[in-house]
Amino acid sequence: MRVNYYQPCRQAADRVVGLSPHADPNGLTLLLQMSHGDVQGLQVKKDGRWFAVRALDGAFVVNVADALEIVSNGLFRSIEHRAVIHPTKERISVALFHYPYQDRMLGPLPELLYTNISSPIIRCSPRPYTPCATFSAAIPRMGAHGASPIAPPPPLSIDTRRRDEAIGEPDDDGGEPLSPTARMFHDFYIVAVVGLGAPIDFDPARAGLEVTLVRHPRFTSIRVMDGPEPRWVRMAVNLDDHIIVPELDRAAISADPDRALEDYVASLSTLPMDQSRPLWELHVLDFPTSEAASAVAFRIHHALGDGASLVSLLLVCTRSAADPKAPPALPSSAPAPAPGAPRLRRPAAAGVVGGRPGARRVGPVLVRDPPTLFTGVKGVEARRKRFVMRTLSLDDVKLVKHALGCQLAEMMEPGKHNDLKWGNRLGYIVLPFEIVRHDDPLDYVRNAKTVDRKKHSFEAIATHAIAETVTKLFGVEALTVHWQGYMDTIKIILAVDDAQFPDSHDLLDDFAESLEMIRKAASVTSKAQVIKG
Ligand SMILES: O=C(O)CCC(=O)C(=O)O
Ligand SMILES: [Fe+2]
């Protein structure tokens with residue numbers, strides 16, 4: 001219980017704050033307001049505006065606080081409030097805070113995890129609320145919602161009795177040991193979104209999973225971290241636990257389907273996974289967006305593999321819609337989609353360079369941003385990531401490549417250039433990401449050519465070994481850039497810290513504009529060469 005005494009002050013209105021804006025970190029707050037006469041002090045924020053809460057004689061004000069917001073998965077919102085003081089009259093309030101146990105893990109109720117969130121007061125996008133590790137981790141979260149980093153939850157302790165239910169090979173020795181990499185990742189997920197050319201045909205997809213993924217040892221095992229040696233232990237898989245068909249907010253989808261998909265996928269980056277089941281999920285997002293007729297999002301724990309190996313695995317688990325016995329083939333030119341057959345969709349037309357209509361336009365990233373912009377703040381690895389994507393023309397990139405005689409294609413065709421020893425096969429290489437102004441835009445490409453030298457070196461091996469140390473010492477960046485060559489397009493996919501880059505589409509515009517700038521310079525260079533020749 002807290003008793004607040006607010007002294008009167010004549011400068012009250014513009015100079016003095018009674019209690020600064022905050023949200024209570026507990027579950028529920030009962031507040032009794034006492035004063036002589038009609039003194040209003042408590043104010044709540046709604047839709048960005050402050051409203052006074054009238055003190056009714058003898059009545060409690062009941063505030064929903066953070067813990068209840070977390071448990072209800074955002075159905076009840078923790079209210080931001082403050083107290084102002086009166087110029088001439090004193091005021092007393094008595095707040096009674098109801099707290100959950102401080103050492104307990106708090107998360108949304110399972111039945112509310114994937115449900116649409118709507119209430120008469122608040123409508124919000126269909127996303128699960130990011131839960132907190134423990135109740136005490138929620139306490140620093142004051143003021144604006146989601147403003148401070150939220151620690152990842154610790155691994156749950158696992159009931160190993162489920163070993164009795166193991167399927168497949170009996171684990172004589174109690175399971176296969178975890179590799180060092182599988183031990184390293186605690187709450188680190190690979191999220192892959194696959195756009196389909198048709199609405200999802202649920203039953204064949206489910207049957208397909210039964211005979212493919214659900215036979216894979218990693219997809220049927222849990223990590224048992226307690227005991228002398230961490231191990232993979234196999235168990236029966238109930239597909240219904242892994243195929244998630246969220247209830248989605250239809251209004252949000254029809255207003256902006258791309259955004260609804262993006263919001264949902266972003267929410268997957270920080271949602272903890274139930275560690276007492278095999279560590280993968282498939283989210284069915286059966287609504288059309290600008291790029292696909294429907295989509296599925298895979299969320300797979302990094303301990304099961306890396307992004308490239310997992311996407312390859314998912315591809316070999318699919319079959320051609322035309323011939324269910326054949327593996328899928330990449331279309332050689334514009335495919336005619338088989339009616340009603342789900343298949344990987346060919347990306348939007350090539351040559352899409354430029355900004356999203358209506359997006360706020362800013363200058364190219366190469367000339368604008370201070371170098372600190374991409375540095376993640378403390379705890380960035382535990383914060384929500386948004387994945388945004390743009391399709392660019394491979395022809396534009398090739399034009400630059402020819403003009404400069406460089407081998408950008410090597411980066412997109414691993415294994416083709418056999419003289420490269422290691423760099424295309426394992427590990428990481430650290431490439432320069434320049435934020436400088438060159439007079440000649442082609443200098444960005446010339447400098448980036450260090451990639452060739454680096455791929456021949458032992459850097460890839462060395463960086464793999466030191467990756468963990470570097471991450472510990474220097475933290476994680478707030479922006480990760482993925483390039484993916486597919487057919488006659490290049491997809492650029494950004495994973496951005498949602499809080500640090502509130503409009504990540506601007507960043508995509510910057511990439512597209514930078515490529516356009518370089519392409520223009522390259523076409524001038526090519527013409528000059530032709531004339532010289
Ligand atoms: O005095 C008031 O009306 C508000 C008190 C309050 O918000 C608190 O003690 O947390
Ligand atoms: Fe409060």
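Since the model is a prediction, treat every value here as computed from it, not as a measurement. Side chains included, hydrogens not; waters and symmetry mates left out as well; all remaining heavy atoms used.
- Between the Asp258 side chain and the Ser290 main chain, a donor and an acceptor come within less than 3.5 Å of each other.
- With contacts defined as side-chain heavy-atom distances shorter than 4.5 Å, the pair Leu30/Val62 qualifies.
- Put simply, NE2 on His242 and NE2 on His283 are 11.0 Å apart, with the number rounded to the nearest 0.5 Å.
- Remark: side-chain polar atoms of Asp24 are not paired, donor with acceptor, to backbone N or O of Ala65 under 3.5 angstrom.
- Contact annotation: the side chain of Phe202 never approaches that of Asp286 to less than 4.5 Å [non-hydrogen atoms, C-beta and beyond].
- Taking each heavy atom of Arg91 and Leu42 in turn, the nearest pair found is NH2-N, 3.7 Å.
- Taking the side chain as every heavy atom from C-beta outward, Leu261 and Phe287 approach each other to under 4.5 Å.
- In terms of modelled atom types and a separation under 3.5 Å, the side chain of His98 and the main chain of Leu96 share no donor-acceptor contact.
- Interatomic distance, His86 NE2 to Tyr6 OH, rounded to the nearest 0.5 Å: 14.5 Å.
- Ser78 places a side-chain N or O within donor-acceptor distance of the main-chain N or O of Asp66, the cut-off being under 3.5 Å.
- Of the candidates Met1, Gln33, Arg2, Met1 is the only one forming a side chain to side chain contact (heavy atoms under 4.5 Å, CB included) with Val94.
- With a 4.5 Å cut-off on side-chain heavy atoms, Leu314 and Leu213 count as touching.
- Within 6.0 Å of the CZ atom in Phe60, the count of heavy atoms belonging to other residues, nucleotides or ligands does not exceed 12.
- Considering all non-hydrogen atoms of both residues, Pro278 and Phe219 come closest at CB-O, 3.2 Å.
- Annotation: side chain of Asp263 is in contact with side chain of Arg386 (closest heavy-atom distance under 4.5 Å).
- Between Val84 and Trp50, the closest side-chain pair of non-hydrogen atoms is not below 4.5 Å.
- Residue Ala297 comes nearest to Leu285 through the heavy atom pair CB-CD1, 4.1 Å, listed as atom of the first residue, atom of the second, then distance.
- At a threshold of 4.5 Å between non-hydrogen side-chain atoms, the residues Arg206 and Asp240 count as touching.
- Formation of a donor-acceptor pair under 3.5 Å by the Thr29 side chain with backbone atoms of Phe97 is not found in this model.
- How far CD of Gln43 is from CZ of Phe51: 10.5 Å, rounded to the nearest 0.5 Å.
- Taking both residues in full, the closest heavy atoms of Leu68 and Gly27 are given as CB-O, 3.6 Å, listed atom of the first, atom of the second, then distance.
- Rounded to the nearest 0.5 Å, atoms OG (Ser93) and CG (Asn4) are 3.5 Å apart.
- Between His301 and Tyr189, the two ring planes are perpendicular [angle over 60°; tilted spans 30° to 60°].
- The main-chain N or O of Pro246 is never found under 3.5 Å from a side-chain atom of Tyr264 such that the two would form a donor-acceptor pair.
- At distances below 3.5 Å, not a single donor-acceptor pair connects side-chain atoms of Glu80 with backbone N or O atoms of Lys45.
- Between the CZ atom of Arg218 and the CH2 atom of Trp280 there is a distance of 15.0 Å, given to the nearest 0.5 Å.
- Pairing each heavy atom of Arg277 with each of Ile222, the nearest pair is C-CG2, 3.3 Å.
- Contact annotation: the side chain of Thr391 approaches that of Lys491 to within less than 4.5 Å [non-hydrogen atoms, C-beta and beyond].
- Checking side-chain atoms of Asp249 against main-chain N and O of Ala252 turns up a donor-acceptor pair under 3.5 Å.
- The CG atom of Leu279 lies 12.5 Å from the CD1 atom of Ile190; values are rounded to the nearest 0.5 Å.
- Between Val284 and Val296, the shortest heavy-atom contact is CA-CG1, 4.4 Å.
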**OP:** Using the side-chain contact (heavy atoms from CB on, under 4.5 Å) rule, take Leu209 and Ile243 through it: C-alpha gap first, then chi angles, then the decisive distance, then the call.
**Re:** CA-CA 10 Å; Leu209 283 174; Ile243 301 180; 3.9 Å; yes
